[in-house]
Amino acid sequence: MSAGAAVYTSGDLILANPVEATTIFLFVILVSAVLEFGIDSAADVQNKYFQVMFNALNQEIMIVGVLVLSLTFAETVAEWPDRWVLLFKWSMMCLFLMAIIFVTLIMVMLLIVQLSNKLWAKFESDKMDSADVLDAKEQRYKDAFNKFQSSLTAFGYDATMGIQFSAYISKLERRNVVALTDLTWVSWVCLGTLVILNALRAEATRRISEFGDENIEDEMSDNQRALNYVSFIAIIGYGTLVVFLGMYFTLNKRLGEFLKTKKRGFHNDGLDQPLGGTAGAQDALDDSKAYLFRRSTEATLEIVQVVILFLEWYLATFVLSYAYQISTNLGGIIAPFMFLFALLPAVIVIGMLPWMLMVVTMLSSLGNNLDEKTVIYLVKKAKIPEEEWPEQMKNA
């Protein structure tokens with residue numbers, strides 16, 4: 001009897017076992033009620049960053065739930081090969097694990113931004129104007145600070161209004177981190193392309209490993225397995241790392257070029273001092289977004305999303321398909337080195353991602369792209385008396 005027949009002809013079984021059937025169904029209802037209460041309680045939390053994480057995870061769990069129900073229903077109406085059922089379940093587990101990694105990564109990024117804001121605020125107040133030698137990132141930050149001051153003056157604001165550059169950039173950086181949670185269809189198409197490339201890699205690796213093997217129908221040899229492990233890590237893991245590093249150094253270079261530019265209509269003695277807080281002075285500011293990919297914050301963050309999605313899929317696939325195999329087949333000496341080799345791309349990307357997001361934020365919000373809403377928010381947060389506000393704030 002097929003699975004479908006077992007479900008659709010189970011009336012006699014339910015009638016013959018009413019207590020057991022009722023108990024199981026009540027247990028399902030109880031679990032549903034507990035989950036519903038937990039979701040409702042989480043939805044009432046007012047912290048907006050928690051809400052972002054909750055909504056992202058909720059959406060991914062819903063997708064996985066629909067897939068599970070679809071598979072369960074499909075199994076009841078047709079006979080499927082066990083291999084296909086197992087692979088479909090593997091895909092769902094991979095997607096769910098990717099969602100967990102994604103939410104965890106975003107939470108870590110928000111925490112790092114919060115902590116780094118305190119460090120940059122301390123640097124801004126204590127070390128930035130001292131005679132100490134600054135490292136590369138500190139010098140970039142100082143140059144960006146000077147650009148920010150020029151933009152403030154050109155827009156008619158004054159740094160004495162309690163507008164800290166560290167607070168300004170931190171708020172916008174958190175906004176960009178949150179924007180990463182809104183995955184687009186382009187990101188999924190790119191991930192699909194990577195999955196296809198991985199299939200080609202696996203097939204090519206299999207064929208290469210079979211050269212000179214007279215027993216290709218037998219179980220894979222240790223050498224064949226090792227070649228498959230190494231090719232996956234090297235091509236998918238380190239390939240993702242190469243793409244990320246290309247973005248990282250390109251954006252850093254472009255930020256340096258922007259920070260060195262001389263503004264049109266500005267006197268460049270020391271800090272770039274604008275001619276006045278007028279529309280003409282604003283027009284003389286450089287367009288920082290011109291240094292982003294496709295001159296767009298959204299397009300640049302979309303590329304970052306793609307790299308993060310690649311990394312998630314790589315980690316999820318490694319955990320589900322390779323970790324156990326490596327620990328079982330390669331022994332206690334080689335396996336730890338293989339794990340370190342596999343995890344190194346993730347460690348590097350996660351370690352360098354916060355500064356790259358800082359670079360993207362700077363290129364999105366300096367020059368004539370000054371975010372006035374954030375500036376106004378900081379002025380109000382500093383409790384500056386309304387009579388001291390610039391005219392544009394009073395009019396707004």
Student: CG/Leu363 to CG/Leu251 distance, rounded to the nearest 0.5 angstrom?
Tutor: 6.5 Å
Student: To the closest 0.5 Å, what do you measure between CE (Met362) and CG (Leu292)?
Tutor: 13.0 Å
Student: Quick one, Leu344 with Leu340, criterion side-chain contact (heavy atoms from CB on, under 4.5 Å). Give me CA distance, side-chain angles, the key distance, then yes/no.
Tutor: CA-CA 6 Å; Leu344 188 58; Leu340 290 175; over 6 Å; no
Student: By side chain to side chain contact (heavy atoms under 4.5 Å, CB included), which residues pair with Glu36, not counting sequence neighbours?
Tutor: Asp40
Student: What is the ring orientation for Tyr141 with Phe123, classed by angle as parallel under 30°, tilted 30 to 60°, or perpendicular over 60°?
Tutor: perpendicular
Student: Do the non-hydrogen side-chain atoms of Ile112 and Met109 ever get within less than 4.5 Å of each other?
Tutor: yes
Student: Is it the case that Glu302 and Ser187 place a side-chain donor and acceptor less than 3.5 Å from each other?
Tutor: no
Student: Charged N to carboxylate O under 4.0 angstrom, Arg207 versus Glu203?
Tutor: yes
Student: Under a single-linkage rule joining Ile, Leu, Val, Met, Phe, Trp and Tyr whose side-chain heavy atoms are separated by less than 4.5 Å, which residues share a cluster with Leu115?
Tutor: Leu111
Student: Where do Leu172 and Ser365 come nearest, in terms of heavy atoms and distance?
Tutor: CD1-CB, 3.3 Å
Student: Nearest heavy-atom pair of Leu366 and Phe165: which atoms, and what distance?
Tutor: CD2-CE1, 4.0 Å
Student: For Arg201 and Thr205: C-alpha separation, side-chain torsions, deciding distance, then whether side-chain contact (heavy atoms from CB on, under 4.5 Å) applies.
Tutor: CA-CA 6 Å; Arg201 174 212 56 87; Thr205 301; 3.9 Å; yes
Student: Sequence neighbours left out, what passes salt bridge (charged side-chain N to carboxylate O under 4.0 Å, His left out) with Lys381? Give chain and number order.
Tutor: none
Student: Can Ile376 and Tyr157 be said to form a side-chain contact (heavy atoms from CB on, under 4.5 Å), step by step?
Tutor: CA-CA 9 Å; Ile376 292 173; Tyr157 296 93; 3.7 Å; yes
Student: Tell me if the CH2 atom of Trp90 is crowded by more than 12 foreign heavy atoms within 6.0 Å.
Tutor: yes
Student: According to salt bridge (charged side-chain N to carboxylate O under 4.0 Å, His left out), who are the partners of Asp371, at least two apart in sequence or on a separate chain?
Tutor: Arg175
Student: Quick test of your reading: applying ring pair (Phe, Tyr, Trp, His ring centres under 6.0 Å), list the pairs with at least one residue in residues 323-351, sequence neighbours left out, ordered by first then second residue.
Tutor: Tyr238-Phe341, Phe318-Phe339
Student: Taking salt bridge (charged side-chain N to carboxylate O under 4.0 Å, His left out) as the test, write out the residues that go with Asp135, two or more places apart.
Tutor: none
Student: Any chance you could measure Leu191, atom CG, to Ile196, atom CD1, to the nearest 0.5 Å?
Tutor: 10.0 Å
Student: Mind telling me whether Tyr229 and Tyr322 have parallel, tilted or perpendicular rings, with 30° and 60° as the class edges?
Tutor: perpendicular
Student: Could you pull out the closest heavy-atom pair between Ser288 and Asn369, with the gap in Å?
Tutor: OG-ND2, 2.9 Å
Student: Check the pair Trp313, Asn198 against side chain to side chain donor-acceptor pair (under 3.5 Å), reporting the backbone distance first and the verdict last.
Tutor: CA-CA 11 Å; Trp313 183 80; Asn198 181 63; over 6 Å; no
Student: Roughly how far, to the nearest 0.5 Å, is CG of Asn368 from CG of Asp287?
Tutor: 4.5 Å
Student: Kindly compute the distance separating CD (Glu257) from CZ (Arg254), expressed to the nearest 0.5 Å.
Tutor: 8.0 Å
Student: Would you give the length of the straight line joining atom CD1 of Ile334 to atom OG of Ser327, rounded to the nearest 0.5 angstrom?
Tutor: 13.0 Å
Student: If you draw a 6.0 Å radius around CD1 in Ile333, do more than 12 non-hydrogen atoms from other residues or ligands fall strictly inside?
Tutor: no
Student: With a 3.5 Å cut-off and no angle check, do the side chains of Ser170 and Arg174 form a donor-acceptor pair?
Tutor: yes
Student: Apply side-chain contact (heavy atoms from CB on, under 4.5 Å) to Leu180 and Leu357, showing your working.
Tutor: CA-CA 10 Å; Leu180 290 176; Leu357 289 174; 4.0 Å; yes
